[in-house]
Amino acid sequence: MVEAARELESERDEYRVEDVQDLGFLDSESFDLHGGRFVVANLHPMRSAVGAWHRAENGEKLHVILDRYFEEDERQWKVMGHYLTNFHRSISTYVRGFLTAGFSVVDVIEPTVTEEQLDDHPDLDDELRVPNFIIYVLKKP
């Protein structure tokens with residue numbers, strides 16, 4: 001995703017992959033959000049709650065299993081051969097956290113695929129059924 005973003009970046013953009021639990025890579029007062037946006041892209045809380053597909057005996061995807069949504073804790077599962085750890089939080093916990101930190105929420109986006117993208121990648125058809133990601137666009141007044 002970072003490589004794709006870098007292809008579209010302007011001279012003012014900078015994309016980094018870092019651990020947000022340790023912001024030591026940032027110099028103190030090295031940026032100012034006034035007049036700018038802070039964009040958070042995350043796994044959708046609906047998917048991080050459990051998010052597995054319930055399938056028919058023939059393997060057909062029937063619906064996504066949503067369980068333990070309000071239990072906020074560490075969740076792990078295997079994706080494409082790699083273990084992923086996510087700290088599941090509800091949407092309201094995220095939004096309250098942003099507001100408490102002094103941000104205003106400008107937009108909330110649940111991206112999906114277009115019909116044109118489905119023509120190129122038909123295996124993404126379940127993206128029209130459930131959100132996998134969520135993007136919060138924030139601003140500091």
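All figures in this text were calculated on a predicted structure; none of them were measured in a lab. Positions are given from 1 along the sequence.
- Residues Ile135 and Val108 do not share a hydrophobic cluster, defined by chaining ILVMFWY side chains whose heavy atoms lie under 4.5 Å apart.
- With a 4.5 Å cut-off on side-chain heavy atoms, Pro45 and Arg89 do not count as touching.
- Residues that satisfy the salt bridge (charged side-chain N to carboxylate O under 4.0 Å, His left out) test with Asp126, not counting sequence neighbours, are Lys61.
- In this structure, Ile91 and Tyr136 have side chains that are in contact, with non-hydrogen atoms separated by less than 4.5 Å.
- Remark: Glu18 pairs with Arg16, Phe25 by the side chain to side chain contact (heavy atoms under 4.5 Å, CB included) rule, at least two apart or across chains.
- For the residue pair Lys140 and Ala101, the shortest heavy atom distance occurs at NZ-O, 3.0 Å.
- If you take CZ on Phe133 and OG1 on Thr112, they are separated by 11.0 Å, rounding to the nearest 0.5 Å.
- Under the 4.5 Å side-chain criterion, counting only non-hydrogen atoms from C-beta, Val105 is in contact with Leu138.
- Side-chain contact between Phe38 and Val106 is absent, with no heavy-atom pair separated by less than 4.5 Å.
- Of all heavy-atom pairs between His44 and Glu110, the closest is NE2-OE2, 2.6 Å.
- Nearest heavy-atom pair across Leu43 and Asn132 is CD1-O, 3.3 Å.
- Val137 and Ile134 are not part of a single hydrophobic cluster, where members link through side-chain heavy atoms under 4.5 Å apart.
- Taking 4.5 Å as the limit, some side-chain heavy atom of Val130 sits within range of a side-chain heavy atom of Arg47.
- Note that CZ of Arg55 is 12.0 Å distant from NE2 of His63, once rounded to the nearest 0.5 Å.
- Under a hydrophobic-cluster definition in which Ile, Leu, Val, Met, Phe, Trp and Tyr are linked whenever side-chain heavy atoms come within less than 4.5 Å, directly or via other members, Leu124 and Ile109 are assigned to different clusters.
- Scanning both residues, His88 and Ala49, for their nearest heavy atoms gives ND1-N, 3.5 Å.
- Atom NE2 of residue His54 and atom CG of residue Leu66 lie 14.5 Å apart, to the nearest 0.5 angstrom.
- At a cut-off of 3.5 Å, with distance as the only test, a side-chain donor of Thr85 or Gln76 sits close to an acceptor on the other residue.
- A heavy-atom distance below 4.5 Å is found between the side chains of Met46 and Val64.
- Between Val40 and Tyr94, every side-chain heavy-atom pair lies at or beyond the 4.5 Å cut-off.
- Sorted by first then second residue, the salt bridge (charged side-chain N to carboxylate O under 4.0 Å, His left out) pairs that include residues 68-80, not counting sequence neighbours, are Arg68-Glu71, Arg68-Asp73, Asp73-Arg75.
- To the nearest 0.5 Å, the span separating CZ on Phe70 from OG on Ser90 amounts to 6.5 Å.
- Leu118 has its side chain within reach of Leu128: a pair of non-hydrogen atoms, C-beta onward, lies under 4.5 Å apart.
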